[in-house]
Visitor: 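Once you've had a glance at the structure underneath, I'll fire off some questions.
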Amino acid sequence: MGFDHPSHLQAVPDPGSAAAADPSAEASGTPGLTPPLQRGHSRGFITDVLVELGYVAEATVTAAIESGRTMGKPPEALLLTQGAINEEQLARATAERYGLDYVDLAVHGVDFAAASLFPLVLARRYIAVPVGYVDQQTLLVAAADPANVLAVDDIQMATGLEVRIAVTARSDVEGLLKRLGTMQSAAAEAIIEEEVQAEDAALAPVSEMQSGPEDAPVVKLVYSLLAQAVGEGASDIHFEPEEGELRIRFRIDGVLKEAAHVPKRLIGAVISRLKIMSELDIAEKRVPQDGRVSVSVEDRRIDLRVTTLPTQRGEGATIRILDESNSHRTLDELGMDGSARARFEDAFRQSYGAVLVTGPTGSGKSTTLYAALAELNDVSKKIITIEDPVEYRVDGVNQINVNRKAGLDFATGLRSILRADPDVVMVGEIRDSETARIAIEAALTGHMMLSTLHTNDAPGAIPRLSEMGIETFLTASAVDCVIAQRLARKLCPSCKRRTIIPVAVLGEAGVRAGADLEGYEPVGCPRCSHTGYRGRVGIYSAMSMSERLKELTIARAAEPEITGAAEAEGMLTLREDGVSKVRMGVTSLEEVLRVTA
């Protein structure tokens with residue numbers, strides 16, 4: 001028997017009606033909307049539905065009901081606190097209890113024009129927000145509490161439209177509300193004001209643009225994009241001019257995703273705002289420019305490196321986001337463990353020698369070196385770095401920025417550093433033979449030298465130094481350890497699924513295995529934007545320079561021979577270290593194969 005419930009929850013037709021009989025009218029035809037088993041009918045208590053759906057055992061619910069009576073709390077809230085259910089399960093059960101749709105915002109997406117119809121302050125109060133249109137007269141509203149009559153009444157009054165409620169997890173609504181008022185909503189505001197002031201804006205001189213009011217819509221749009229990117233953990237923002245719009249993409253966990261589109265008429269204003277922020281010449285559009293600026297986003301200091309590019313379709317830009325909170329990662333947080341960790345620490349804790357970190361651009365080499373510097377940073381040691389540019393500021397470390405216009409490059413800076421009585425020297429990158437020679441000589445004369453090199457694996461560093469003109473006997477004497485690394489995406493802990501990887505699949509991937517491997521695979525959920533991944537972890541291969549490897553270096557042995565000898569002495573390849581992290585449930589085999597291909 002159905003139970004009484006608020007009238008606004010009865011807007012959806014019952015099964016058997018014309019609308020219900022038409023599959024095209026059903027919510028199941030819309031991605032991200034899951035219809036209830038019994039539409040339009042209440043089904044008792046939420047706890048009963050949780051049991052019916054198989055989310056929790058009946059005994060657990062009974063215990064929660066008894067505890068709830070004593071504590072004065074709803075039993076479903078206790079189940080959530082205890083971890084017996086998660087927010088998505090509670091939302092799905094709530095939707096079933098009222099006979100409503102469940103909406104997965106990550107799949108359904110959000111119509112920001114619909115969302116902007118309802119004041120954000122009220123949306124935060126009710127934890128309810130419009131996310132799209134059912135038809136021209138009806139809004140689809142995602143709500144954590146579908147029984148809140150005031151929310152529905154206020155949305156109907158504010159918009160003049162009918163409301164159809166769909167249930168979603170509270171954290172998903174709160175996450176959406178946090179993003180609203182940023183990115184797309186700011187773009188909408190900029191468009192409206194731009195249309196009103198189009199004529200004035202077209203005639204505004206450059207000097208006035210530079211001193212424009214801080215609450216200008218384009219300023220809000222740019223800042224909102226930055227806040228959105230930082231909130232989602234993006235490392236880069238790409239502003240790419242297209243035929244009729246400016247496409248904006250974020251690089252999150254090493255993978256690009258589309259974030260927003262800005263109308264063509266605002267492209268110039270957005271790029272000019274980026275130039276003004278980073279003190280670039282807004283009149284120069286023919287050549288690339290580089291700048292830097294620090295901003296505060298949600299009480300966090302964020303450094304931005306801005307690069308503009310004149311493309312065929314107009315001027316674009318790229319922003320590298322340098323979050324200082326990421327500079328204080330420990331080796332544990334980076335995922336370095338086992339033999340690679342032991343070899344790396346043994347090497348950089350020596351009083352002199354060279355430790356090299358190799359890998360492609362964006363593989364986290366600098367972050368690994370910063371983690372080593374954090375271990376070495378002590379009042380008894382003088383640490384000097386020369387970088388291009390200095391990405392993160394570290395207390396207690398003397399950091400020098402390369403300035404080629406002033407004649408300060410890696411080689412000249414390194415010469416001066418060695419006259420300043422350092423104990424530890426970090427060179428951002430060994431790019432040329434002169435820098436390589438000075439670095440190797442410094443490692444042989446009582447300094448601990450940390451640097452990066454562009455090679456695909458650890459053994460490849462030896463022939464690379466030879467190509468730079470370094471004598472093999474110097475390389476053999478100076479280099480203590482070479483680390484190769486990659487960054488792999490971590491599986492989302494909320495949705496990863498256990499799986500068995502057959503030994504045949506491991507063999508095809510070039511992994512030595514004698515049995516099937518128990519691991520995890522990505523699934524996708526709202527917490528990870530349905531990618532199956534959230535965050536990144538390092539994959540490492542560490543080669544210590546043993547006597548045998550020194551002999552092969554001096555003899556100019558081929559790289560495959562050096563690799564074979566290093567593996568015989570216990571060096572794990574990048575893929576083998578990645579598979580160990582698959583076994584631990586940190587990442588997936590698919591991801592390891594992607595980054596180590």
Side-chain angles (χ1 to χ4, degrees), residues 278-279 288-294 303-307 320 322 324 327 347-348 350-359 361-378 381-455 461 464-465 467-471 474-475 477-483:
S278 47
E279 299 183 347
Q289 298 185 69
D290 294 296
R292 185 163 183 156
V293 64
S294 295
D303 288 335
L304 308 175
R305 278 163 44 191
V306 180
T307 300
R320 167 62 59 88
L322 303 173
E324 288 198 351
S327 67
F348 72 68
Q350 301 293 322
S351 56
Y352 64 92
V355 177
L356 303 176
V357 180
T358 72
T361 301
S363 59
K365 300 186 297 294
S366 296
T367 305
T368 299
L369 289 182
Y370 277 116
L373 289 181
E375 298 276 342
L376 295 172
N377 195 357
D378 184 82
K381 293 180 180 178
K382 181 166 185 177
I383 302 175
I384 307 179
T385 75
I386 180 165
E387 306 166 62
D388 183 23
V390 173
E391 293 193 349
Y392 302 111
R393 295 170 177 84
V394 182
D395 292 337
V397 175
N398 302 278
Q399 297 172 277
I400 301 173
N401 216 345
V402 165
N403 186 346
R404 290 183 176 81
K405 290 182 180 178
L408 177 60
D409 56 18
F410 280 119
T412 55
L414 189 50
R415 286 195 201 94
S416 300
I417 287 172
L418 297 179
R419 295 193 292 268
D421 188 31
D423 295 295
V424 180
V425 178
M426 186 187 100
V427 178
E429 183 183 346
I430 295 178
R431 296 178 179 173
D432 54 70
S433 5
E434 189 177 7
T435 304
R437 180 179 56 79
I438 299 170
I440 293 297
E441 290 176 357
L444 292 171
T445 55
H447 305 90
M448 170 49 61
M449 176 64 58
L450 305 175
S451 190
T452 69
L453 200 62
H454 279 289
T455 63
R464 178 73 178 125
L465 289 173
E467 291 168 7
M468 288 183 169
I470 305 301
E471 294 294 339
L474 292 177
T475 299
S477 301
V479 177
D480 289 327
C481 180
V482 183
I483 300 286

Visitor: Walk me through it: do M448 and V355 pass the test side-chain contact (heavy atoms from CB on, under 4.5 Å)?
Guide: CA-CA 8 Å; M448 170 49 61; V355 177; 4.1 Å; yes
Visitor: Check whether any side-chain N or O of N401 sits under 3.5 Å from a backbone N or O of V390 as a donor-acceptor pair, and report yes or no.
Guide: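 Judged by distance alone, yes, a pair lies under 3.5 Å.
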Visitor: Apply side-chain contact (heavy atoms from CB on, under 4.5 Å) to residues I440 and E471 and explain how you reach the verdict.
Guide: CA-CA 10 Å; I440 293 297; E471 294 294 339; over 6 Å; no
Visitor: Taking all non-hydrogen atoms of both residues into account, name the closest pair between L453 and I430 and its distance.
Guide: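 The pair with the smallest heavy-atom distance is CD1-O, 3.6 Å.
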Visitor: Please determine whether a side-chain nitrogen of the Lys or Arg among D303 and R393 lies less than 4.0 Å from a carboxylate oxygen of the Asp or Glu.
Guide: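 Salt bridge: yes.
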Visitor: What closest approach, in Å, do L474 and I470 show between heavy atoms, and which atom pair accounts for it?
Guide: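 Of all heavy-atom pairs spanning L474 and I470, the closest is CB-CG2, 4.2 Å.
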Visitor: Let me know which of T452, L450, L465 forms a side chain to side chain contact (heavy atoms under 4.5 Å, CB included) with L356.
Guide: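 The passing option is L465.
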Visitor: Using atom types as modelled and distance alone, determine if a side-chain donor or acceptor of T412 lies under 3.5 Å from a backbone N or O of D409.
Guide: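 Side chain of T412 to backbone of D409, a donor-acceptor pair under 3.5 Å: yes, one is there.
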Visitor: If I take atom OG1 from residue T445 and atom CD1 from residue I438, how far apart are they, to the nearest 0.5 angstrom?
Guide: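 The distance works out to 11.5 Å.
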Visitor: Between L414 and M449, does a side-chain contact (heavy atoms from CB on, under 4.5 Å) hold up when you go through it step by step?
Guide: CA-CA 11 Å; L414 189 50; M449 176 64 58; 4.1 Å; yes
Visitor: My understanding is that only residues two or more places apart in sequence, or in another chain, count here; which of them pass side chain to side chain contact (heavy atoms under 4.5 Å, CB included) with D423?
Guide: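 For D423, the residues satisfying side chain to side chain contact (heavy atoms under 4.5 Å, CB included) (neighbours in sequence not counted) are K381, K382.
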Visitor: Hey, are the side chains of R305 and L322 touching, using non-hydrogen atoms and a 4.5 Å cut-off?
Guide: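 Counting from C-beta outward, R305 and L322 do come under 4.5 Å.
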Visitor: Can you name the nearest heavy-atom pair linking T358 to V482, along with the distance?
Guide: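 Where T358 meets V482 most closely, the heavy atoms are CG2-CG1, 3.7 Å.
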Visitor: Atom CG of N398 and atom CE of M426: how far apart are they, to the nearest 0.5 Å?
Guide: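 Result: 12.5 Å between the selected atoms.
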Visitor: When rounded to the nearest 0.5 angstrom, what is the spacing between OG in S433 and CD in E467?
Guide: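 S433 atom OG to E467 atom CD measures 11.0 Å (nearest 0.5 Å).
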Visitor: Taking all non-hydrogen atoms of both residues, which atom of I384 and which atom of P422 are closest, and how far apart?
Guide: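 Here I384 and P422 meet closest at CD1-CB, 3.9 Å.
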Visitor: Grab the two heavy atoms, one from A347 and one from D480, that are nearest each other, plus how far apart they are.
Guide: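 Residues A347 and D480, closest heavy atoms: CB-CB, 4.2 Å.
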Visitor: Take atom CD in E279; do more than 12 heavy atoms of anything else shown fall under 6.0 Å from it?
Guide: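 No - once you tally the heavy atoms of other residues, nucleotides and ligands closer than 6.0 Å, there are 12 at most.
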Visitor: Nearest 0.5 angstrom please: L418 CG to H447 NE2, how far?
Guide: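 With rounding to 0.5 Å, CG (L418) is 5.5 Å from NE2 (H447).
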Visitor: Applying ring-ring contact (aromatic ring centres under 6.0 Å, His included), name anything that partners F410, two or more places apart in sequence or on another chain.
Guide: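 Result, ring-ring contact (aromatic ring centres under 6.0 Å, His included) vs F410: none returned.
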Visitor: Between S451 (side chain only) and V427 (backbone N and O only), is there a donor and an acceptor less than 3.5 Å apart?
Guide: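 Yes, S451 side chain to V427 backbone: donor-acceptor pair under 3.5 Å.
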Visitor: Step by step, would you call H454 with T361 a side-chain contact (heavy atoms from CB on, under 4.5 Å)?
Guide: CA-CA 8 Å; H454 279 289; T361 301; 3.4 Å; yes
Visitor: Backbone N or O of Q399 within a donor-acceptor pair of the E387 side chain at under 3.5 Å?
Guide: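 No; judged by distance alone, with no hydrogens or angles, the pair does not exist.
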Visitor: Is any side-chain heavy atom of L304 closer than 4.5 Å to a side-chain heavy atom of S278?
Guide: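 No - every pair of side-chain heavy atoms lies 4.5 Å or more apart.
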Visitor: Roughly how far apart are D378 CG and L373 CG, rounded to 0.5 Å?
Guide: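 One finds 13.0 Å between CG of D378 and CG of L373.
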Visitor: How long is the straight-line distance from CG of L369 back to CZ of F348, given to the nearest 0.5 Å?
Guide: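 If I round to the nearest 0.5 Å, the distance is 10.0 Å.
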Visitor: Could you pull out the closest heavy-atom pair between A478 and A443, with the gap in Å?
Guide: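 Looks like CB-CB, 4.0 Å.
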